[in-house]
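Have a look at the structure below before the remarks.
Letters go in sequence order (proteins before strands), and every chain restarts at 1.
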Amino acid sequence: MPHPVVTRFAPSPSGLLHLGNVRTALFNWLYARRHGGRFVLRIEDTDRARSDEAQIGALMAELGWLGLDWDAGPDREDAAGPYRQSARGAFYAAAWQRLLAADLAYPCYCTPLELEMARKAALSRGEPPRYAGTCARLDEPGRAAREREGRAPSLRFRVPSGQDIRYQDLVRGPQRFSSDELGDFVIRRADGSAAFLFCNALDDSAMGVTHVLRGEDHVANTPRQQLLVLALGERVPAYGHVPLLVGTDGAPLSKRHGSASVADVRAAGFLPEAVVNLLARLGHSYPVEGWLEPAALIGHFDLSALGRAPAHFDLTQLQYWQKEAVRRAPAATLEPWARGRVPPGEEARFIAAVRANLTLPPDAAEWAHLIYGELPCAEGAVRTAIVEAGEGLFAAALAVTAERVDYARLITALKAATGRSGRALFQPLRAALTQRLDGPELAQLIAVIPERQIRVRLAAARDLASRTARHEAANR
RNA sequence: GCUCCCAUCGUCUAGAGGCCCAGGACACAGCCCUCUCAAGGCUGGUACGAGGGUUCGAAUCCCUCUGGGAGCGCCA
């Protein structure tokens with residue numbers, strides 16, 4: 001095994017973990033696991049102002065929640081670390097020195113304002129707004145003069161001219177760029193911090209990353225990063241660019257599409273397995289339909305099955321996978337949905353009774369109320385069902401349940417007493433006991449509704465039916 | 001403004017010149033099963049963005065248009 005696969009996820013800890021980002025993280029993870037390789041987590045926190053420890057913790061918690069485990073990362077350091085860029089200053093400084101010494105980089109004294117004006121000017125001339133190379137040929141006196149003006153320089157990489165850069169994109173196939181389309185780019189900001197293009201590429205090489213799957217917004221970065229890595233004499237990883245995730249309307253996925261971040265879907269109560277089953281198929285097709293356990297997700301993952309068109313994230317698809325996930329979830333996963341809403345100790349029995357009717361936690365809350373709560377007076381179709389059945393049914397039911405509640409005994413007795421069966425029997429009973437016409441099997445429900453509530457509800461139904469009957473008789 | 005990429009049912013997708021008047025899944029509708037809902041089973045409608053080529057033959061190849069996405073930063 002000459003080249004063990006190493007992939008990575010390199011988020012910047014600013015803001016929430018976006019679904020589009022985790023999808024690329026997932027692809028990298030799947031690819032590494034598929035090939036028995038390593039998956040590493042690197043925190044890109046060079047931009048100090050935008051990062052904080054709490055965010056890093058949250059980010060790791062969310063990845064872990066999804067089941068994406070990493071072999072090395074900020075909490076699992078190894079020889080290739082440190083895995084947070086804020087701790088890699090010395091390493092970057094050494095690289096800048098080497099580039100400077102070889103004249104492959106130069107200080108740039110242009111101010112943000114000057115650059116902005118140059119960009120606008122280029123744009124109005126119909127040219128791409130790339131760096132013009134103003135400081136590229138500055139000699140020592142020129143630099144000294146600018147230093148005296150108090151300008152803090154950034155450091156730019158000197159992009160060679162007239163070079164052809166080609167690479168084989170893992171998902172887009174052969175790519176070709178001319179270095180002349182690339183402006184000299186900043187590798188160290190004026191404040192001394194490392195710029196993305198630079199530290200991202202450098203760290204990938206230093207950490208032995210062999211395959212980089214990332215969003216297609218990085219395609220144009222690839223030739224720059226290759227040039228840079230090559231200039232430093234390091235190894236270049238293979239790159240694959242996956243299309244971005246968009247909302248149902250085709251616009252980039254954002255808040256207004258509902259759930260756009262891992263935090264959102266998690267807060268809504270979606271299970272990680274559901275999220276992963278969906279994400280793994282957005283822009284990637286599996287040869288098998290239906291639910292896949294992590295091992296199968298890994299086993300069937302295939303780079304050549306990655307698509308090149310933007311994929312739409314659709315909440316109704318997530319709902320479907322969620323139902324599948326709930327169906328398979330161990331009781332312990334679902335019990336928290338019940339906690340605090342059902343009598344202590346009843347969680348397991350409650351979940352067992354209603355799980356087929358659950359998709360998200362609010363469903364559990366609703367059923368908990370219908371089962372254990374005080375129900376108001378019946379209305380609408382529920383009321384009609386009760387009234388239509390008549391007082392006798394409920395009176396008989398109360399008689400049979402006076403001592404204890406036994407489902408089989410109750411049904412048998414009611415069939416005998418009323419001559420009713422099937423829908424004519426169950427529907428009014430269901431209506432009286434849950435105030436719903438749909439729901440889990442009655443046997444299941446009766447097993448969890450407290451006996452006292454059963455009698456209260458049956459009595460309420462009986463009274464409602466008799467009151468209505470008298471009322472109608474009086475009106476006649 | 002310039003450059004690059006993409007384009008099959010509402011959505012996820014299969015399809016790499018004849019196997020496709022386009023297959024599967026989700027969603028939707030109907031039926032069956034069933035005390036109801038869900039699940040399950042069956043059935044149905046809905047798509048190759050448009051126009052030109054190439055070819056005996058095109059969803060598949062080429063061109064134009066249209067639509068979408070991305071990039072051109074001291075943002076990552």
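Looking only at side-chain heavy atoms (C-beta outward), A/Arg308 and A/Val171 come within less than 4.5 Å of each other. Between A/Arg23 and A/Val242, the closest side-chain pair of non-hydrogen atoms falls below 4.5 Å.
Considering only the side chain of A/His312, B/U11 comes nearest among B/C4, B/G71, B/U11. In this structure, the nucleotide among B/G1, B/A25, B/A70 sitting nearest to the side chain of A/Pro128 is B/G1. Distances were taken from every side-chain heavy atom of A/Ser12 (C-beta onward) to each of B/C74, B/U36, B/A76; the shortest belongs to B/A76. Side-chain atoms of A/Leu123 lie closest to B/G1 of the nucleotides B/C4, B/G1, B/A27. Of the candidates B/A70, B/U36, B/A25, B/U36 carries the atom nearest the A/Arg423 side chain, counting heavy atoms from C-beta on. Nearest nucleotide to the side chain of A/Leu115, out of B/C26, B/C35, B/C74: B/C74. Each of B/C26, B/A39, B/C74 was ranked by its minimum atom distance to the side chain of A/Lys323; first place goes to B/A39. Each of B/C74, B/G40, B/C35 was ranked by its minimum atom distance to the side chain of A/Arg327; first place goes to B/G40. Listed candidates were B/C74, B/A76, B/G71. Nearest to the side chain of A/Phe196 is B/A76. With B/A76, B/C74, B/G24 as the candidates, the nucleotide lying closest to the side chain of A/Asn221 is B/A76.
Spacing between B/G67 and B/G40 at atom C1', rounded to whole Å, works out to 41 Å. Comparing B/C62 with B/U43, their C1' atoms are spaced 42 Å from each other, to the whole Å. Remark: the separation of the C1' atoms in B/U8 and B/U46 is 13 Å, to the nearest Å. For the P atom pair drawn from B/C21 and B/C37, the interatomic distance equals 39 Å after rounding to whole Å. Taking atom P in both B/A25 and B/A39, one finds a spacing of 14 Å when rounded to whole Å. Rounded to the nearest Å, the gap between the C1' atom of B/A16 and that of B/A59 is 11 Å. When the P atom is compared between B/C48 and B/C9, the two are found 7 Å apart, to the nearest whole Å. Taking atom C1' in both B/C28 and B/G45, the straight-line distance is 9 Å, to the nearest Å.
The distance from atom CZ of A/Arg130 to atom P of B/C4 is 12 Å, rounded to the nearest whole Å. At whole-Å resolution of the value, CG in A/Asp180 and C1' in B/U3 are 14 Å apart. In this structure, A/Trp321 places its CH2 atom 9 Å from C1' of B/C26, rounding to the nearest Å. Between the CG atom of A/Leu425 and the P atom of B/C35 there is a distance of 10 Å, rounded to whole Å. Distance, A/His284 NE2 to B/A25 P: 20 Å, rounded to whole Å. We find that CD1 of A/Ile446 is positioned 16 Å from P of B/U36, with the value rounded to whole Å. Here B/A25 presents its C1' atom at 16 Å from NE2 of A/His300, a figure rounded to the nearest Å. Taking atom CZ of residue A/Arg224 and atom C1' of nucleotide B/C74, one finds them 14 Å apart after rounding to whole Å.
Counting non-hydrogen atoms under 4.0 angstrom, A/Arg172 reaches the backbone sugars and phosphates but no base. The residue A/Asp438 sits close to a base: some heavy atom pair falls under 4.0 Å. At a threshold of 4.0 angstrom between heavy atoms, the contacts of A/Tyr131 are confined to the sugar-phosphate backbone, with no base atom among them. At the heavy-atom level, A/Ala311 lies under 4.0 Å from the strands shown only through sugar-phosphate atoms. Nucleic acid contact class of A/Pro287 (heavy atoms, under 4.0 Å, all strands): none. At a threshold of 4.0 angstrom between heavy atoms, the contacts of A/Glu441 include nucleobase atoms, whether or not backbone atoms are also involved.
With hydrogens and angles left out, the side-chain atoms of A/Gln85 and A/Asp203 include a donor and acceptor closer than 3.5 Å. Counted by atom type alone, A/Asp302 and A/Tyr286 present zero donor-acceptor pairs between their side chains at under 3.5 Å.
Phosphate contact (OP1/OP2 of B/U3, side-chain N/O of A/Arg176, threshold under 4.0 Å): absent. Between A/Ser285 and the phosphate of B/A14, there is a side-chain N or O to OP1/OP2 separation shorter than 4.0 Å. Between B/C75 and A/Arg189, a contact under 4.0 Å exists linking OP1 or OP2 to a side-chain N or O. Proximity of A/Arg436 to the phosphate of B/U36: no side-chain N or O atom is located under 4.0 Å from OP1 or OP2.
Contact annotation: side chain of A/Gln317 to base of B/U11, donor-acceptor pair present below 3.5 Å. Between the side chain of A/Asn357 and the base of B/C37 there is at least one donor-acceptor pair of N/O atoms closer than 3.5 Å. Judged by distance alone with a 3.5 Å cut-off, no donor-acceptor contact links the side chain of A/Arg281 to the base of B/C12.
Pair assignment for B/C42 gives B/G30, based on Watson-Crick or G-U wobble hydrogen-bonding distances that are each under 3.5 Å. B/U3 and B/A70 make up a base pair, with Watson-Crick or G-U wobble contacts both under 3.5 Å. Pairing of B/C56, defined by two Watson-Crick or G-U wobble distances under 3.5 Å, is identified with B/G18. Base pairing of B/A25 is made with B/U11, judged by Watson-Crick or G-U wobble geometry with both donor-acceptor distances under 3.5 Å. Using N1 to N3 plus N6-O4 or O6-N4 for Watson-Crick, or N1-O2 and O6-N3 for G-U wobble, each under 3.5 Å, B/C37 pairs with nothing.
Taking 4.0 Å as the cut-off between side-chain N and carboxylate O, A/Arg172 and A/Glu216 count as a salt-bridged pair. Using a 4.0 Å cut-off between a side-chain N of Lys or Arg and a carboxylate O of Asp or Glu, A/Arg436 and A/Glu366 qualify as a salt bridge.
In this pair, A/Phe177 and A/Tyr167 present their aromatic rings parallel. The plane angle is below 30°, not in the 30 to 60° band. Under the 30°/60° scheme for interplanar angles, the aromatic rings of A/Tyr372 and A/Phe350 are found to be tilted.
With A/Tyr109 as the fixed residue, the side chain to side chain donor-acceptor pair (under 3.5 Å) test singles out one of A/Glu114, A/Glu147, A/Arg146: A/Glu147.
Mapping A/Ala443 and A/Ala309 onto RNA chain B by nearest heavy atom places A/Ala309 at the nucleotide closer to the 5' end. A residue-by-residue look at A/Phe426 and A/Glu289 shows that A/Glu289 has its nearest nucleotide of RNA chain B further toward the 5' end.
A cation-pi arrangement is found for A/Arg156 relative to A/Tyr131, the charged atom lying closer than 6.0 Å to the ring centre and inside a 45° cone about the ring normal.
In this structure, A/His218 counts as stacked on the base of B/A76 under the 5.5 Å centre distance and 30° plane angle limits.
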